[in-house]
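Structure first, commentary second.
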Amino acid sequence: MSGHYDVIVVGGGHAGIEASHAAARMGCRTLLITLSVERIGEMSCNPAIGGLGKSQLVREIDAIGGLQGRLADRCGIHFRRLNRSKGPAVQSTRIQCDKALYREFARRVLEETPELAIWQDTVEGLYTEGERVAGVDTRIAGRIRGNTVVLTPGTFLSGLLHIGSRSLDGGRLADPSSQSLAKTLRVLGFKLGRFKTGTPPRIDGRTINYERMEPQPGEEPPPGISFFTKRKLRNQGMCYLTHTNATVHEIVRENLDRSPLYSGKITGTGVRYCPSIEDKIVKFADKDSHRVFIEPEGLSTREVYPNGLSTSLPLDAQIEMIHAVPGLENAEFTRPGYAVEHDFVQPTQLFAWLETKTVRDLFLAGQINGTTGYEEAAAQGLIAGINAARRVKGIDPFTLGRDSAYIGVLIDDLVTKGTNEPYRMFTSRVEYRLLLREDNAHARLSGIGHRIGLLRSKDFHKVEAVETACSATIDRLSRMRPAAAKTNQVLMSHELATTTEKLSLADLVRRPQLKLDDLETLDKALGELAPVVKERVEIEIKYSGYITRTLEEIKKFHRIEKVMIPEDIGFKEIPGLSNEVIEKLETIRPATLGQASRISGVTPVALLALFRYLKGSHPDEAKPVD
């Protein structure tokens, strides 16, 4: 391990994978240091990539030249598109992966990346010179020097595992925690907090009665998440749905005093939007049942993940609870559920390019910044790796704005507002989500990825070809105006009113009852379009009016920072506000929209709803303060 590296990445999780790959692809001599080479890319919780608000991050990572989307497609065994019945802005892809294959391919890709070396060791501290980091101190190799360092320790920073009354040092089951690195960060002046996450027990699939559960098959054809996947995707695993019941809830309530969550042993704040079964029973006492998804861990194992039963109850209580769930009466455990407490660095101590304000050339990414989820970690890792490489090359930092990417929203929220609970990405956090969809991520960001040297030319040319086809098709459909008689044949076949006008094909596509495929009799070229082109064209045409309106709202939004809010306003009367937002607004009673925007948890979408309400019911107040 002699020599000097341009970029040193600490941690082989999802953030570390993207950071090390990006830095090396951009031509920097990069070293990835991990506790276990065999566990690079480990899916410590559910082996799934994507989901609501998360697949947009993955598509953006893919567009810029990252790995997560490609790995998910390569290792996927169950593919679904969520929110199909809703608009394209909130539709999201979710892929259940084979976790062993994911580790295997993540490691293989990194091992085959030029300029990237991998070293198994424990990083015990940071080596600094003046106000900048100059390397790391490791247990085995000693001091390793580097121009920049990217820290991605996941849940290992002072990690503590909880199973009932038992507490064990560790970042995950059977892996040690990193105590000395946390101490180093405190000595350097960083403000650290404490968060908690958790995972359910794992079950032997051979002991499950699937006949008592509802099958949840994958979607056909399987929807992939990477724009660049060439291989044919296949659904090879089946998921199932069951529910908790009154017996399960009673068992949990009877054992709450033995839960570290409610006995006071756990002090860290948990994930609001992915609560443990204990939290669900206590906080949603009015609910008779909660959904439990039974999901395979892979093709080469019978181990199953009961999604929805995260717990830190004692093992005997876990077993009793699981056996009360329909279909799991005879289930045998392979691993217990547990909670993990870990330190994080309050992200307001970072610049928007994820470099720390306290120590120059030190970048942080992933759960160390207070986030939860593989996708959030990977997105930060990509940006941190890019900026570490740019620092080495003497190039200005790279950032994404809120109006250009979900990644921009994620990082802006973290570094501007900070977080008092593990941060998870949602579409509701994104004020311009109609413009920042899954389907147009590559149109938005692939040019950037190519310019900064991360996305390969052949991949960028593929994106260009699709965009050219989309533009040409939209232009042609806007110009083509068939005779009214031909148009009426299509309209009548869908039981729609006929017309005497010569409507353009674009006008017809805008009708909610018609799809692009319905117009092939009027334009045979439509039948020859690739599916990815068809999807983009249809969305761009159907939602063109909304998109234009959103662009106008973006301009208006920048002018409402100082809009006054009446003192006697009733926030409960405002449509579109969640209970969480209403609670925070009622408690703080902000005087202006600008003040409201700085309340943690008050999303940009909520601010727009508040502005629209003021404009309609209090027009005098909905004016900027002089």
For [X], enumerate each residue passing the side chain to side chain contact (heavy atoms under 4.5 Å, CB included) test, keeping only those at least two apart in sequence or located in another chain.
X      : answer
Val292 : Thr242, Thr244, Ile294, Pro306, Leu309
Glu528 : none
Ser544 : Arg510
Asp523 : Arg476, Leu477, Met480, Leu505, Ala525, Leu526

Are the charged groups of [X] and [Y] less than 4.0 angstrom apart, N to O?
X      : Y      : value
Arg444 : Glu60  : yes
Arg437 : Glu540 : yes
Glu501 : Arg481 : no
Arg511 : Asp518 : no
Arg402 : Asp413 : yes

Heavy-atom closest pair, residues [X] and [Y]:
X      : Y      : answer
Ala609 : Pro575 : CB-O, 3.8 Å
Ile407 : Ala379 : CG1-CB, 4.0 Å
Lys572 : Glu586 : N-OE2, 4.0 Å
Val409 : Met425 : CG1-CE, 3.9 Å
Val109 : His21  : CG1-CD2, 4.4 Å

Just by modelled atom types, is the [Y] backbone N or O under 3.5 Å from a matching donor or acceptor in the [X] side chain?
X      : Y      : value
Glu18  : Gly66  : no
Arg59  : Ile225 : yes
Thr419 : Pro422 : no
Asn440 : Leu435 : yes
Tyr374 : Asn46  : yes
Ser404 : Leu400 : no
Gln68  : Ile61  : no
Ser55  : Thr93  : yes
Thr399 : Trp353 : no
Asn387 : Ile383 : yes

Can you check whether [X] reaches [Y] side chain to side chain, under 4.5 Å on heavy atoms?
X      : Y      : result
Met238 : Pro217 : yes
Val581 : Leu610 : no
Lys54  : Ser92  : no
Leu522 : Gln489 : no
Tyr613 : Leu577 : no
Ser457 : His450 : yes

For Thr371, the option from Glu376, Arg424, Gln380 that meets side chain to side chain donor-acceptor pair (under 3.5 Å) |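 It is Gln380; the other options fail the test.
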Test side chain to side chain donor-acceptor pair (under 3.5 Å) applied to Glu219 and Arg80, Arg84, Arg94, the passing residue |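 Going through the options one by one, the only one that passes is Arg84.
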Does the side-chain contact (heavy atoms from CB on, under 4.5 Å) test come out yes or no for Leu514 and Val509, once each step is laid out?
-> CA-CA 6 Å; Leu514 294 178; Val509 174; over 6 Å; no
Spatial distance of atom [atom1] ([X]) from atom [atom2] ([Y]) [nearest 0.5 Å]:
X      : Y      : atom1 : atom2 : result
Lys86  : Thr427 : NZ    : OG1   : 8.5 Å
Leu503 : Leu491 : CG    : CG    : 7.5 Å
Phe79  : Gln236 : CZ    : CD    : 7.5 Å
Leu71  : Tyr102 : CG    : OH    : 4.5 Å
Met213 : Tyr240 : CE    : OH    : 9.5 Å
His243 : Lys287 : NE2   : NZ    : 10.0 Å

Consider only side-chain N and O atoms of Asp507 and Ser504, and report whether a donor and an acceptor are under 3.5 Å apart.
->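 Indeed, the side chains of Asp507 and Ser504 share at least one donor-acceptor pair under 3.5 Å.
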Would one find more than 12 heavy atoms of other residues, nucleotides or ligands at under 6.0 Å from atom CD of Gln513?
->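 Atom CD in Gln513 is crowded, with more than 12 foreign heavy atoms closer than 6.0 Å.
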Return yes when atom CD of Glu220 has more than 12 non-hydrogen atoms of other residues, nucleotides or ligands closer than 6.0 Å, and no otherwise.
->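 More than 12 heavy atoms, drawn from other residues, nucleotides or ligands, come within 6.0 Å of this atom.
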For the residue pair Tyr546 and Tyr543, categorise the inter-ring angle as parallel (less than 30°), tilted (30 to 60°) or perpendicular (more than 60°).
->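 Geometry flag for Tyr543 against Tyr546: tilted rings.
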Would you call the rings of Phe284 and His290 parallel, tilted or perpendicular, where under 30° means parallel and over 60° means perpendicular?
->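 Phe284 vs His290 ring planes: perpendicular.
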Any chance you could lay out the side-chain contact (heavy atoms from CB on, under 4.5 Å) test for His442 and Phe228, step after step, and finish with the verdict?
-> CA-CA 10 Å; His442 294 80; Phe228 308 108; 3.8 Å; yes
Quick one: do Arg451 and Phe398 satisfy side-chain contact (heavy atoms from CB on, under 4.5 Å)? Show the steps, please.
-> CA-CA 11 Å; Arg451 284 196 301 274; Phe398 167 72; over 6 Å; no
Option from Ile77, Leu233, Asp73 for which side chain to side chain contact (heavy atoms under 4.5 Å, CB included) with Ile95 holds |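 Only match with Ile95 under side chain to side chain contact (heavy atoms under 4.5 Å, CB included): Asp73.
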Show your working on side-chain contact (heavy atoms from CB on, under 4.5 Å) between Phe105 and Arg70 and close with a plain yes or no.
-> CA-CA 10 Å; Phe105 279 94; Arg70 300 181 195 232; over 6 Å; no
With Lys280, which residues qualify under salt bridge (charged side-chain N to carboxylate O under 4.0 Å, His left out), at least two apart?
->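 Applying salt bridge (charged side-chain N to carboxylate O under 4.0 Å, His left out) to Lys280 gives none.
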Taking only residues two or more places apart in sequence or in another chain, which ones pass salt bridge (charged side-chain N to carboxylate O under 4.0 Å, His left out) with Glu520?
->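 Testing Glu520 for salt bridge (charged side-chain N to carboxylate O under 4.0 Å, His left out), a comparison that skips the adjacent residues, returns Lys534.
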